[in-house]
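Below is one structure; the comments refer to it alone.
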There are 2 protein chains.
Amino acid sequence: MATIFDVARAAQVSHQTVSRVLKGDPTVGAPLRERVEQAVRELRYRPSAAARALASRRTRTLGMITVGQPYYGPSSTAQGFNAAARGAGWDVSIEALEDPDGADLPEAVAALRSRDVQAVVVVAPTPEVRAATLQVPDRDVPFVMAGGGDDGFAGVALDQRAGAVAATRHLTDLGHRRVALLAGPAHWADAADREDGWRAALAEAGVEPGPLVRGDWSAASGAAAAEALRDAGATAVFCANDQMALGLLHALHRSGLRVPEDVSVVGFDDIPEAAFFTPALTTVGQDFAALGRALLGEVERLVAGGETPPALAAPRLVVRDSTAPPR
Amino acid sequence: MATIFDVARAAQVSHQTVSRVLKGDPTVGAPLRERVEQAVRELRYRPSAAARALASRRTRTLGMITVGQPYYGPSSTAQGFNAAARGAGWDVSIEALEDPDGADLPEAVAALRSRDVQAVVVVAPTPEVRAATLQVPDRDVPFVMAGGGDDGFAGVALDQRAGAVAATRHLTDLGHRRVALLAGPAHWADAADREDGWRAALAEAGVEPGPLVRGDWSAASGAAAAEALRDAGATAVFCANDQMALGLLHALHRSGLRVPEDVSVVGFDDIPEAAFFTPALTTVGQDFAALGRALLGEVERLVAGGETPPALAAPRLVVRDSTAPPR
DNA sequence: AGCTGGAGCCCTAACTTCGCA
DNA sequence: ATGCGAAGTTAGGGCTCCAGC
């Protein structure tokens, strides 16, 4: 590969001038700039990221840690973050954890650190991974959590609470007085926010909170919750994500209960498949790509001291066929 | 940060000895090795990846390009690849393309090249992205395609054809004589393999191929295909992925046809939700994590000249409730 | 065999020099 | 002289590799 000196020789300038042209320094005169740019093109010169990092002590690299199953939300968030980062000239180094308990987190963080990433973004952090992250010695770069910061972490999250309020209010507006929550796992920030919203909307409507059953985000856990929900006499169930709603729909169908005639069901996330559930799922749509971009905004704020990223749009209710007034 | 010289001083050896200990060189004597290891621990020394890359001209970094929607299969494959790569000491730099037509591919490849990645893995390459990849000038590192190589690319794929044969044979064994294919998009390697398997199994059973309708992997396209499939009188449909099967189930239900009584449906992939479709979907399970590991194996073979990775386990049929003998 | 020393990888940052109003 | 804009020069950054001892 050509080096910066080869380019300098070809353009008959010093290597420093080449460096200046590369970074768009305006103090380089037009004629020299031309010559350098042409030499770069002719030699197909690409600067070496390694040498740059070594000399400048900045790697222009961010670390991204993903956790758990490849669900739609986290995957979309990661993708949005990625695209935004590339657009801003960042390189993204990824570490996919296999263990939701975070057993492989130290190893992953070590790998990112030896890469000298300038910040780390954690997507879909389980409570265990959050805790493990706190244990990391010498956290000398910013960590940003997708899905809400706390415990001394920065974080960015969509307004889950507002989404949950919209979903629950939709049910009370339909006349439901026994509105259950099929919640996400305890200690997850996302799950807690959705639970808060559910409680708030019910309080506002003057309705006692219905039964609360906890799942683990999976369709299987949604199916497993069906019996308890039915026994508790819920006429409507707000599910903390679409997968659990799918499992619930499945189990209700099996037990002979009809949706929405016997029970109304609302999901959360609006995964692309939700419109094709049977019946089509009423759910809450979220803009994960925007969340990804916001994560990058927060990272840049922490790294370079930019301004606070603009607030994210609130999730919006998408009404389909799985909700109706109670009988 | 501590440098290798700091460690050398603390351990009273030369920096070169430290380097040897770090890479596990057996020519270092036990006492020195001890001293060095202790100094490393005490100083919390981590080698600088940038300096290493610069000096050794090897970055120990792989590029991964992902394309399109975050579907379960590709996401799982990416995750498996990632975990395997970290285990083998590779760093993975990721580029998520937003445009399935590959408009942002050159930019992504340029980013990876300036990072001096030693190989590039492309997950879920659309035909457009394959084509765009061929246009990349100076492809000086190996490119490995997940989902089958050709056009001068290396590739690793699960045996889609065998899976498709199993799915189709299951339907003919049940007595179906009019077995349709809800195919993936034209020109996708995966789609073609599944189509081949369908044809082969039908030929073997002495059954004329039923209608073939093409979708785009999405549930929406599966729903859109329902009418054409019904009009063609198919009693069974093999869908090239689970999402399209979901859309089909949904549309069939709406039009009053019952599954499996009126039509049998088989999917492909066995996404975690498939067991909770209504009815539970008979489908073909694939080990995406193994595919991810095999991708890494192929990369290492190309980079270091290792042995050919072992063959992947064949996909296996998972029979649930969406298939039955024709009436 | 077991260890040390120095050169070199490719850049950037800081300083220096040059030329001209 | 004075100052400033536009270039060049030098010194590392932290490691591996290749002689040497």
Side-chain angles (χ1 to χ4, degrees), chain A residues 1-37 39-40 43-61 89 91 110-111 113-118 140 304, chain B residues 1-37 39-40 43-61 89 91 110-111 113-118 140 304:
Chain A
M1 271 309 300
T3 77
I4 201 171
F5 288 91
D6 298 327
V7 175
R9 200 176 321 117
Q12 316 218 51
V13 297
S14 75
H15 71 280
Q16 183 55 260
T17 298
V18 177
S19 176
R20 287 207 187 89
V21 170
L22 256 33
K23 78 167 105 148
D25 188 322
T27 75
V28 179
L32 284 202
R33 149 162 281 122
E34 289 276 287
R35 259 157 56 199
V36 168
E37 280 167 352
V40 164
L43 297 175
R44 303 193 167 188
Y45 168 73
R46 285 175 302 107
S48 148
R52 261 193 179 164
L54 190 57
S56 70
R57 312 173 124 305
R58 262 172 288 114
T59 54
R60 292 295 295 170
T61 299
D91 193 68
R113 296 189 56 176
S114 88
R115 216 75 204 175
D116 288 309
V117 299
Q118 295 185 245
D140 46 11
Chain B
M1 271 311 299
T3 76
I4 200 170
F5 290 92
D6 298 327
V7 175
R9 198 175 324 115
Q12 315 217 53
V13 297
S14 75
H15 69 280
Q16 181 56 265
T17 299
V18 178
S19 176
R20 284 216 194 78
V21 170
L22 256 34
K23 76 167 106 150
D25 188 321
T27 75
V28 180
L32 285 202
R33 147 162 282 119
E34 288 275 288
R35 258 154 59 199
V36 168
E37 279 167 352
V40 164
L43 297 175
R44 301 189 170 195
Y45 168 74
R46 286 174 300 107
S48 149
R52 255 191 186 167
L54 189 57
S56 70
R57 311 171 123 305
R58 263 171 288 115
T59 53
R60 292 295 294 171
T61 300
D91 193 69
R113 296 190 55 176
S114 87
R115 216 74 204 176
D116 288 310
V117 298
Q118 295 185 244
D140 46 10

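Quick note on labels: first sequence line is chain A, next is B, and so on, each numbered from 1.
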Quiz item: With B:Tyr45, which of B:Val36, B:Leu22, B:Asp6 fulfils side-chain contact (heavy atoms from CB on, under 4.5 Å)?
Solution: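 For B:Tyr45, the side-chain contact (heavy atoms from CB on, under 4.5 Å) check succeeds only for B:Leu22.
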Self-check item: Verdict with supporting geometry, A:Thr61 and B:Arg115, side chain to side chain donor-acceptor pair (under 3.5 Å)
Solution: CA-CA 10 Å; A:Thr61 299; B:Arg115 216 74 204 176; 2.3 Å; yes
Quiz item: Taking side chain as C-beta onward, heavy atoms only, is A:His15 less than 4.5 Å from A:Thr3?
Solution: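 A side-chain contact is absent here, since even the closest heavy-atom pair is not under 4.5 Å.
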Practice problem: Answer whether the closest heavy-atom distance between the side chains of A:Asp116 and B:Arg46 falls below 4.5 Å. | Solution: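 SC-SC contact between A:Asp116 and B:Arg46 confirmed.
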Quiz item: Which nucleotide in the set D:dC15, D:dA7, D:dG13 lies at the smallest distance from any side-chain heavy atom of A:Val28?
Solution: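 Of the options given, the side chain of A:Val28 lies nearest D:dA7.
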Give the rounded distance in Å between these two atoms: [atom1] of [X] and [atom2] of [N].
X        : N      : atom1 : atom2 : value
A:Asp116 : D:dG13 : CG    : P     : 15 Å
B:Asp6   : D:dG14 : CG    : C1'   : 10 Å
A:Arg57  : C:dC11 : CZ    : C1'   : 13 Å
A:Arg35  : D:dA7  : CZ    : C1'   : 11 Å
B:Asp25  : D:dC18 : CG    : C1'   : 14 Å
B:Gln12  : C:dG2  : CD    : P     : 21 Å
B:Arg9   : C:dG5  : CZ    : P     : 13 Å
A:Arg115 : D:dC15 : CZ    : P     : 13 Å

Quiz item: Hey, which of these two, B:Leu54 or B:Phe5, hits DNA chain C nearer its 5' end, going by closest nucleotide?
Solution: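 In this pair, the answer is B:Phe5.
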Quiz item: For the atom pair OG1 (B:Thr17) and CZ (B:Arg33), what is the distance rounded to the nearest 0.5 Å?
Solution: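 Going from OG1 on B:Thr17 over to CZ on B:Arg33, the span is 10.5 Å.
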Self-check item: DNA chain D contacts among residues 13-23 of chain B, heavy-atom distance under 4.0 Å
Solution: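 Heavy-atom cutoff 4.0 Å gives B:His15, B:Gln16, B:Ser19, B:Lys23.
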Quiz item: Side chain of A:Arg35, backbone of A:Gln12: donor and acceptor closer than 3.5 Å?
Solution: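 Side chain of A:Arg35 to backbone of A:Gln12, a donor-acceptor pair under 3.5 Å: yes, one is there.
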Practice problem: Please report the shortest heavy-atom distance between B:Arg20 and B:Thr27, naming the atom on each side. | Solution: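 Shortest heavy-atom separation between B:Arg20 and B:Thr27 comes out as CD-OG1, 3.8 Å.
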Quiz item: Using a cut-off of 4.0 Å on non-hydrogen atoms, how would the nucleic acid contact of B:Arg58 be classed: base, sugar-phosphate, or nothing?
Solution: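 Sugar-phosphate: the residue B:Arg58, judged by heavy atoms under 4.0 Å, touches backbone atoms but no base.
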